[in-house]
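Step one of this worksheet: look at the structure below.
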Amino acid sequence: MDIVEFFQLSNGKWFSQRSNLAAKASSGGRSDLYIEALSATDPAVIRLCEQSNVDPSQALCGVRIRWDGSMELEQKKYSGSTVMVPVSSSSQAKEGTLLRDSGSTEVAVASRYIMGTDDALTLITKSESLYAEERVWFASPNLRLRTRILRQPNGVNIASFCSEIRMGVTKPAEN
């Protein structure tokens, strides 16, 4: 499987349940995820490429993710959305750069993506203030699992585990 197939298989509405494990406290949360696979010619894909100084013709596809959820300890709701665009460093689309709009600024976040031989997607994001490694895979067509490790320079580390159950399918992206 390549990243285009992975995003197409992720299309739909998902119920996500998360557990966060930190040194001082653990917490849990729930959210609804809405994942929409986008074609490489979608205006949101082109806009993100241009924002990132990447030739839009290098985009393989895109994905729009929206979420509505809550964390049990914070007793507050949160929501948001992002667009992600993979730009492959090889002809097989197995690894490359994943552009993501940051939502709050004009600058996109770039991560490294790797599609493993086990069909799991690994995302690695590095900056001066953060190292994040996330792994997402399908246990079955309607069950995704996700792990994430965040490391901050101040020594704070957080690990999380999510199970995501598909609740419905949206229209697939047109090629």
Worksheet item: Who passes side chain to side chain donor-acceptor pair (under 3.5 Å) against Arg148, sequence neighbours left out?
Response: none
What side-chain donor-acceptor pairs closer than 3.5 Å can you find for residues 120-127, not counting sequence neighbours?
{"from": "Thr125", "atom 1": "OG1", "to": "Ser111", "atom 2": "OG", "distance (Å)": "2.5"}
{"from": "Ser127", "atom 1": "OG", "to": "Ser129", "atom 2": "N", "distance (Å)": "3.3"}
{"from": "Ser127", "atom 1": "OG", "to": "Ser129", "atom 2": "OG", "distance (Å)": "3.4"}
{"from": "Ser127", "atom 1": "OG", "to": "Leu130", "atom 2": "N", "distance (Å)": "3.2"}

Fill in: Listed partners of Ser16 passing side chain to side chain donor-acceptor pair (under 3.5 Å), at least two apart
none
Response to the item:
Ile46 and Thr41 have their tightest heavy-atom pair at CD1-O, 3.5 Å
Worksheet, complete the sentence: The side chain to side chain donor-acceptor pair (under 3.5 Å) partners of Glu133 (sequence neighbours excluded) come to Tyr131
Worksheet item: With sequence neighbours left out, what residues match Phe6 under ring-ring contact (aromatic ring centres under 6.0 Å, His included)?
Response: Phe138
Discussion item. Test of understanding: with side chain to side chain donor-acceptor pair (under 3.5 Å), list the residues that count as partners of Glu134, not counting sequence neighbours.
Written reply: Arg146
Worksheet item: side-chain contact (heavy atoms from CB on, under 4.5 Å) with Asp55: which residues, sequence neighbours excluded?
Response: Ser57, Gln58
Fill in: Arg144 and Ser10: side chain donor to acceptor below 3.5 Å
yes
Worksheet item: Taking only residues two or more places apart in sequence or in another chain, which ones pass side-chain contact (heavy atoms from CB on, under 4.5 Å) with Asp119?
Response: Met1
Practice prompt. Treat each ILVMFWY residue as a node, draw an edge where side-chain heavy atoms are under 4.5 Å apart, and state whether Leu9 and Ile3 are in one component.
Written response: yes
Response to the item:
Residues passing the side-chain contact (heavy atoms from CB on, under 4.5 Å) test with Leu145, sequence neighbours excluded, are Trp137, Ala139, Leu143, Phe161, Ser163
Discussion item. Testing the basics here: between Ala37 and Phe7, what is the closest heavy-atom pair and its distance to 0.1 Å?
Written reply: CB-O, 3.9 Å
Worksheet, complete the sentence: Residues passing the salt bridge (Lys or Arg N to Asp or Glu O under 4.0 Å) test with Arg112, sequence neighbours excluded, are Glu95
Item to complete: Run the numbers on Trp67 and Tyr78 for side-chain contact (heavy atoms from CB on, under 4.5 Å), then give the verdict.
Response: CA-CA 8 Å; Trp67 58 89; Tyr78 62 93; 3.6 Å; yes
Fill in: With Thr97 via side-chain contact (heavy atoms from CB on, under 4.5 Å) - residues at least two apart
Leu99, Ala110
Worksheet item: Any idea which heavy atoms bring Asn20 and Ser160 closest together, and the distance?
Response: OD1-CB, 3.0 Å
